[in-house]
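What follows is a short report on a single structure.
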Amino acid sequence: MTAYISIQDAIKQGKGKVSLHGWCYRERGSNKLRFITLRDSSNIIQCVLEKDKVSEKVWKEAESVKIETSLELHGDIKKDERAPTGYEVVVSDLHVVGACDNFPIQKDQSVEFLADNRHLWLRSRRMTAILKIRSTIFGAIHQYFRAHGFYEYQSPIFQPTQAEGGSEVFKVPYFGGHVFLAQTWQLQAEPAIFSLEKIYTLAPSFRAEKSKTSRHLTEYWHAEMEMAWSRFEDIQDHAEGLIKACVKAVLETNKEELKILERDPKKLEPTVKKAFPRTTYTDILKELEKKAKMKVEWGKDLRTVEEDKLSEWHDTPVIITGYPKVVKAFYMKEDPENSKVVLGFDIIAPERYGEIVGASQREEDIKKIEDNLRKQGENPRDYDFYLDTRRYGSVPHGGFGMGVERIVSWICGLESIKDAIPFPRTMLRYKP
Ligand code: 4AD
Ligand code: MG
C-alpha cells in the first residue's frame, strides 16, 4: 500500500497506484458497477468499483457509501476524458471511516437553509474555494506589511471608549461596569508608533450597525496599519500597495478557485496593472451631478448609491480624499489649507463593492481633538491616554483600516459579504 496523498497530487502523478482519503461528493451505480466521486480539500476525482473485481467485503462497504461518508481507498489512477476532473481511480480496496446520515444539504436549497446549516455548507466546493482565497489574502496581508518593515502588533478587543461612532458600538457587561468591543485597533495602536514606528494588525473588529446590507457584518476582520513620520501620500501608497498585493496573490495562487466561482480574472487584472485614480470628494460631487444627474449637498457623506455609481466608471479601486470634516472621525487631521475638510481618504472598490479602506493622517492638535470629541457628545477626559500621544513628543502619523471581507467579497465576486467569512455575524444572525 502506498502513502495517502491528496487528490490533486494523485492527478499530478497521473498513473499507477494511489491511496486516497476524503469524503463522498457524489455516488451512483448499478448492482455491478459503482461510481464514487471522492473529494478532499484539494480537488474531486471519480473512483470506480466493479463488483467482480473486488472482494465481497469491499463491495458491501462501497454500497454503504452515501454523500459525505468519509472513506479511504486504494487503486490505480488513469486518464479518463469523461471523468469530471479528467482522471479516474479504479478501486481495488475501500474502507468506510465515518458512516454518514442522510446529508441535509442537497441541490438548490434556500439561502436561509444554507445559513442555518453553515457548519455543513462549509464543505461545499464553493465555500472551499472562497476559504482558500480568503487564506491567500490573509497571507498576502502579512507578507505585504512585513516586507515593508511593519511590526505585527495587537490592541485589546475590550475597549474603554468608542472610536468610530458611539451608536455603532457593542456594549458588554464587565464586572458591574461595561466595556465596548473594539471597532478599530486605532486608539491603542497610535501609542505604539512611539515604540515601533510602523505597525500593523489583522484582527476582528465589531460594529453594531443596524444595516442589513450585502456589505455589513457585525464582526469582521480588519487589516490596519499605523505609521510614524508619514505624509498623507504614504498612507495612500500603502493602501494601494496592499490592495494590489492581495489581488496579485489571488490571481497567481487561486486560478482554479476563481474558475469554480465563475469569477473572470480579467475583471481583477487592471487593479494590479494600473495606478488607482486619486480624486477628491468635491470633484466626485461635480462628476456625479454632471454624468449621472445625482445631486449631493456638500457636507453630506456619500451613500451606497453614489459610491456604486462612481464604481461603474472605473475598473480599479478609486481613492477619494478631502471629505468634509463633519462626516469623519474625531481623530482625522484637519487640512491645513481648508479647515472644512480632513486629510482622510476612503477607497471605493470597483463593481459596486463599496468602501474597502478608511484612512487618515491623524490630528496632532489636542484642542482640535477635544473639540471634535465634545461635538460628538464624548467627554475628552475619557480619552486622556490617547491625548497623551499628542503631549509627549508627537510626530506626524497616520494609518488605514481595510475590511478584509469586503476585499474577499470583491475578489471572489460574491453577492453577499456573508459568504466571505466562515460563520457570518450580522444584525439578524449569530448562529451557528
Ligand atoms: O472606515 P472605518 O470605520 O475606519 C476605521 O475603523 C479606522 N479606525 C481605520 C484606521 O484608520 N485604522 O473602517 C475601515 C474599513 C472600512 O473601509 C470597511 O472596509 C471595513 O473597515 N468595515 C466593515 N466591513 C464589514 N462590515 C462592517 N460593518 C464594516 N465596517 C467597516
Ligand atoms: Mg469608513
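In listed order, ligands and their atoms are each counted from 1.
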Notebook entry, point to check: Polar-atom distance check: I417 versus ligand 1, any N or O pair below 3.5 Å?
Noted result: no
Next item on the list: For K248, enumerate each residue passing the salt bridge (charged side-chain N to carboxylate O under 4.0 Å, His left out) test, keeping only those at least two apart in sequence or located in another chain.
Entry: E252
Item checked: Any R263 side-chain heavy atom under 4.5 Å of L268 side chain -> yes
Margin query: If the cut-off is 4.0 Å to any non-hydrogen atom of V357, which atoms of ligand 1 fall inside it?
Written below: 17 (O)
Notebook entry, point to check: With a 4.5 Å limit on heavy-atom distance, are the side chains of R215 and E307 in contact?
Noted result: yes
Checklist line | Atoms in ligand 1 with a heavy atom of Q186 nearer than 4.0 Å | finding: 7 (C), 8 (N), 10 (C), 11 (O), 12 (N)
Item checked: Evaluation steps, ring pair (Phe, Tyr, Trp, His ring centres under 6.0 Å), between Y200 and F145 -> CA-CA 7 Å; Y200 82 97; F145 282 122; 4.9 Å; yes
Checklist line | Enumerated ligand 1 atoms positioned under 4.0 Å from heavy atoms of F400 | finding: 9 (C), 10 (C), 11 (O), 12 (N)
Checklist line | Donor-acceptor pair, side chain of Q376 and main chain of L373, under 3.5 angstrom | finding: no
Margin query: Do V272 and E269 have side chains that approach each other closer than 4.5 Å (heavy atoms only, starting at C-beta)?
Written below: no
Notebook entry, point to check: Which residue holds the protein heavy atom closest to atom 11 (O) of ligand 1, what is that atom called, and what is the gap in Å?
Noted result: R362 NH2, 2.9 Å
Item checked: Note, P424 side chain near I417 side chain (heavy atom, < 4.5 Å) -> no
Checklist line | Part of R406 within contact of ligand 1 (heavy atoms, under 4.0 Å) | finding: side chain
Next item on the list: Identify, for atom 6 (O) of ligand 1, the protein heavy atom at the shortest distance, and state residue, atom and that distance.
Entry: R207 NH2, 2.9 Å
Check: Taking the inter-plane angle between the rings of Y4 and H21 on a 0 to 90° scale, is it parallel (under 30°), tilted (30 to 60°) or perpendicular (over 60°)?
Finding: parallel
Next item on the list: For the residue pair R362 and S360, confirm or rule out a side-chain donor-acceptor distance under 3.5 Å.
Entry: yes
Next item on the list: With the side chain counted from C-beta on, respond yes when M227 and I235 share a heavy-atom pair under 4.5 Å apart, and no when they do not.
Entry: yes
Next item on the list: Measure the distance from atom 17 (O) of ligand 1 to every protein heavy atom, then report the residue, atom name and distance (to 0.1 Å) of the closest one.
Entry: E355 OE2, 2.6 Å
Next item on the list: Go through ligand 1 atom by atom and flag the ones less than 4.0 Å from a non-hydrogen atom of E209.
Entry: 27 (C), 28 (N), 30 (N)
Check: Considering only protein heavy atoms, which is closest to atom 5 (C) of ligand 1, and at what distance to one decimal place?
Finding: E164 OE2, 3.3 Å
Next item on the list: Please write down residue, atom name and distance for the protein heavy atom closest to atom 27 (C) of ligand 1.
Entry: L217 O, 3.5 Å
Notebook entry, point to check: Which atoms from ligand 1 have a heavy atom of I356 less than 4.0 Å away?
Noted result: 17 (O), 19 (O)
Checklist line | Identity and separation of the nearest protein heavy atom to atom 31 (C) of ligand 1 | finding: Y220 OH, 3.4 Å
Checklist line | V48 side chain reached by D80 side chain, heavy atoms, under 4.5 Å | finding: no
Note to self: Listing by chain and number, which protein N, O or S atoms are under 2.8 Å from the Mg ion (ligand 2)?
What the structure shows: E355 OE2
Checklist line | Numbered atoms and elements of ligand 1 in range of T184, under 4.0 angstrom, heavy atoms | finding: 6 (O), 8 (N)
Margin query: Could you tell me if Q361 and S230 have a donor-acceptor pair between their side chains, going purely by distance under 3.5 Å?
Written below: yes
Notebook entry, point to check: With a 4.5 Å heavy-atom cut-off, do L343 and M332 have their side chains touching?
Noted result: no
Next item on the list: Show your reasoning for whether side chain to side chain donor-acceptor pair (under 3.5 Å) applies to Q183 and Q159.
Entry: CA-CA 9 Å; Q183 297 167 301; Q159 294 273 330; over 6 Å; no
Next item on the list: Provide, to 0.1 Å, the distance between atom 12 (N) of ligand 1 and the closest protein heavy atom, together with that atom's residue and name.
Entry: E224 OE1, 2.7 Å
Item checked: Numbered atoms of ligand 1 (with element) below 4.0 Å of R215, judged on heavy atoms -> 25 (C), 26 (N)
Checklist line | Y331, portion touching ligand 1 at heavy-atom distance under 4.0 Å | finding: side chain
Check: Does any non-hydrogen side-chain atom of E164 lie less than 4.5 Å from one of S205?
Finding: no
Notebook entry, point to check: Under 3.5 Å between some N or O of ligand 1 and some N or O of A359?
Noted result: no
Next item on the list: Output the list of atoms in ligand 1 that are nearer than 4.0 Å to some heavy atom of G399, sorted by atom number.
Entry: 11 (O)
Note to self: Angle between ring planes, H178 versus F180, binned at 30° and 60°: parallel, tilted or perpendicular?
What the structure shows: perpendicular
Next item on the list: Please write down residue, atom name and distance for the protein heavy atom closest to atom 14 (C) of ligand 1.
Entry: H222 NE2, 3.3 Å
